Amino acid sequence: MVCRKRRKVKLLSARVVDDKKTTTKNKKVKLEAQTWSDLPIELLELILCRLSLEDNIRSSVACKRWNTAAISVRVVNQSPWLMYFPKFGNMYEFYDPAQRKTYSLELPELYGSRVCYTRDGWLLLYRPRTNRVFFFDPFSQEVVKLPRFELTYQIVAFSCAPTSNTCVVFTVRHVSPTIVAISTCHPGATEWVTVNYQNRLPFVSSIWNKIVFCNGFFYCLSLTGWLGVFDPLERTWSVLAVPPPKCPENFFAKNWWKGKFMSEHNGDILVIYTCCSENPIIFKLDQPKMVWREMKTLDGMTLFASFLSSHSRTDLPGMMRNSVYFSKVRFFGKRCISYSLNDCRYYPCKQCYDWGEQDPFENIWIEPPEDLSAFI
């Protein structure tokens, strides 16, 4: 009896060993049969997002799965650069958040100037001592002058590059809560035109206001969140009956009026509210219903926020999408403060920032040049 039991045990153990060998062989066969197309989609996107546009297009023809992954991370646009204005000297730094690189240019033409706005790669600058207002392209060093004008506490913007015959420069300041003074000018003009407008709703302005040009109109967010609109063709002004965006009470603590940013994207008006102790809140203006809607996602878009002008981009590297990049760099110029709507957190971690501590004229986002040879 004992011998029979031993034989059964040996047979069972032999079968188990055989089954294990068969399973191991099957696994090896399956592993050998796997191809590059079987890579996990997350790993595949991580690899493809680091390729140039040309290599990305080439890789997309490998198979259907690679095509889908390549298109999802394809970089078509270039992110704006953060331009720093030095307190002393003529050396200006440009930070590229996508490559995490810093470039330098010597620009003595900007000595004694204060930045007001950027658009289409052009700076709008003001010299307080002489009241000189002018456009400047830092990469081509081209200058376009405007008539002298005193810019004190006005906020300023322009509609498009000064080389266009449709370029309009717009500035607004409040005379009283119910009256604003609006001044406009254009390249080639001999003087500024200033007109006072009556408001139906209170509108108080300051350098912390936000302004964008969208759908042929200048939109301006007041100190308390009311939205003013100026039509440069009809020369009309109105304050929309749209209640300011609703935020938690702690957003109205110290320096609450400084941590607001405004941008536009494909005809949509976007506002970013920040607080040093909370995650930012992004609102989009529902124009048909005239209400602000909170956005939980940017649908792959990236916002670049700074005090005097902000920008939006699509088709950037996958890791930059659905995020807001702020005009502050940490870790010795190696990392831009950003907020990811996917992860609901700041990067680097615990980088909530009190914007009241920053000089509004310290830096500004600007579109980079197409040719980078001057920086190599």
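None of the values given here were measured: they were computed from a predicted structure.
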Ring centre gap for Trp237 and Phe203 strictly below 6.0 Å =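 Under 6.0 Å, so yes.
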For the residue pair [X] and [Y], what are the closest heavy atoms and their distance?
| X | Y | answer |
| --- | --- | --- |
| Ser183 | Thr194 | OG-OG1, 2.7 Å |
| Arg321 | Asn342 | O-ND2, 4.2 Å |
| Met262 | Cys220 | CE-N, 4.4 Å |
| Ser306 | Phe261 | O-CD2, 3.4 Å |
| Ser323 | Leu298 | O-CD1, 3.7 Å |
| His311 | Pro80 | CB-CG, 4.4 Å |

Could you tell me whether Glu367 and Arg313 make a salt bridge, using a distance below 4.0 angstrom between a side-chain N and a carboxylate O?
->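 Looking at Glu367 and Arg313, the cut-off is met.
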Side chain to side chain contact (heavy atoms under 4.5 Å, CB included) between Ile364 and Leu308: does it pass, once the steps are laid out?
-> CA-CA 7 Å; Ile364 197 167; Leu308 302 176; 3.9 Å; yes
Taking the side chain as every heavy atom from C-beta outward, state whether [X] and [Y] have any atom pair closer than 4.5 Å.
| X | Y | result |
| --- | --- | --- |
| Thr171 | Trp192 | yes |
| Phe136 | Leu110 | yes |
| Phe283 | Met295 | no |
| Phe326 | Leu303 | no |
| Arg200 | Val239 | no |
| Lys246 | Trp292 | no |
| Asp299 | Met301 | no |
| Tyr103 | Asp96 | yes |

May I have the step-by-step check of side chain to side chain contact (heavy atoms under 4.5 Å, CB included) for Leu285 and Arg293, ending in yes or no?
-> CA-CA 6 Å; Leu285 179 64; Arg293 305 285 189 191; over 6 Å; no
Donor-acceptor pair, distance only, cut-off 3.5 Å: does the side chain of [X] make one with the backbone of [Y]?
| X | Y | result |
| --- | --- | --- |
| Lys260 | Lys210 | no |
| Asn67 | Ser60 | yes |
| Asp137 | Phe139 | yes |
| Asn199 | Pro202 | no |
| Thr302 | Met320 | yes |
| Trp365 | Ala305 | yes |
| Asp120 | Ala161 | yes |
| Gln287 | Gly267 | yes |
| Ser263 | Leu270 | no |

Ring pair (Phe, Tyr, Trp, His ring centres under 6.0 Å) pairs, two or more places apart, involving residues 155-175 |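 Every pair satisfying ring pair (Phe, Tyr, Trp, His ring centres under 6.0 Å) with a residue in residues 155-175: Tyr117-Phe158, Phe135-Phe158, Phe170-Phe218, Phe170-Phe230.
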Side-chain hydrophobic cluster, 4.5 Å single linkage: members besides Phe88 |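 Besides Phe88, the cluster holds no residue at all.
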Point-to-point distance, once rounded to the nearest 0.5 Å, from CD1 of Ile211 to OG of Ser310 |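 That separation rounds to 12.5 Å.
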Side-chain donor-acceptor contact under 3.5 Å, [X] with [Y]:
| X | Y | result |
| --- | --- | --- |
| Asp343 | Tyr339 | no |
| Thr297 | Asn322 | yes |
| Arg119 | Ser159 | no |

Do the side chains of Val143 and Leu105 join up, straight or via other hydrophobic residues, at under 4.5 Å, putting them in one cluster?
->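 They do share one cluster, since a chain of ILVMFWY contacts under 4.5 Å joins Val143 to Leu105.
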Under a 4.5 Å side-chain heavy-atom rule over Ile, Leu, Val, Met, Phe, Trp and Tyr, are Phe213 and Val193 clustered together?
->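 Linked within one cluster.
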Show your reasoning for whether side chain to side chain contact (heavy atoms under 4.5 Å, CB included) applies to Leu125 and Phe134.
-> CA-CA 5 Å; Leu125 299 127; Phe134 63 101; 3.7 Å; yes
Member of Val324, Thr274, Leu341 meeting the side chain to side chain contact (heavy atoms under 4.5 Å, CB included) criterion with Pro280 =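 Per the side chain to side chain contact (heavy atoms under 4.5 Å, CB included) rule, the option paired with Pro280 is Thr274, out of Val324, Thr274, Leu341.
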Given the rule in the side chain to side chain contact (heavy atoms under 4.5 Å, CB included) test, do Tyr219 and Leu227 qualify, once you have shown the distances and angles that lead to the verdict?
-> CA-CA 7 Å; Tyr219 290 84; Leu227 194 63; 4.0 Å; yes
Please determine if Arg114 forms a cation-pi arrangement with Tyr126, meaning its NZ or CZ atom is less than 6.0 Å from the six-membered ring centre and no more than 45° off the ring axis.
->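 Because its charged atom misses either the 6.0 Å distance or the 45° angle limit, Arg114 does not stack over Tyr126.
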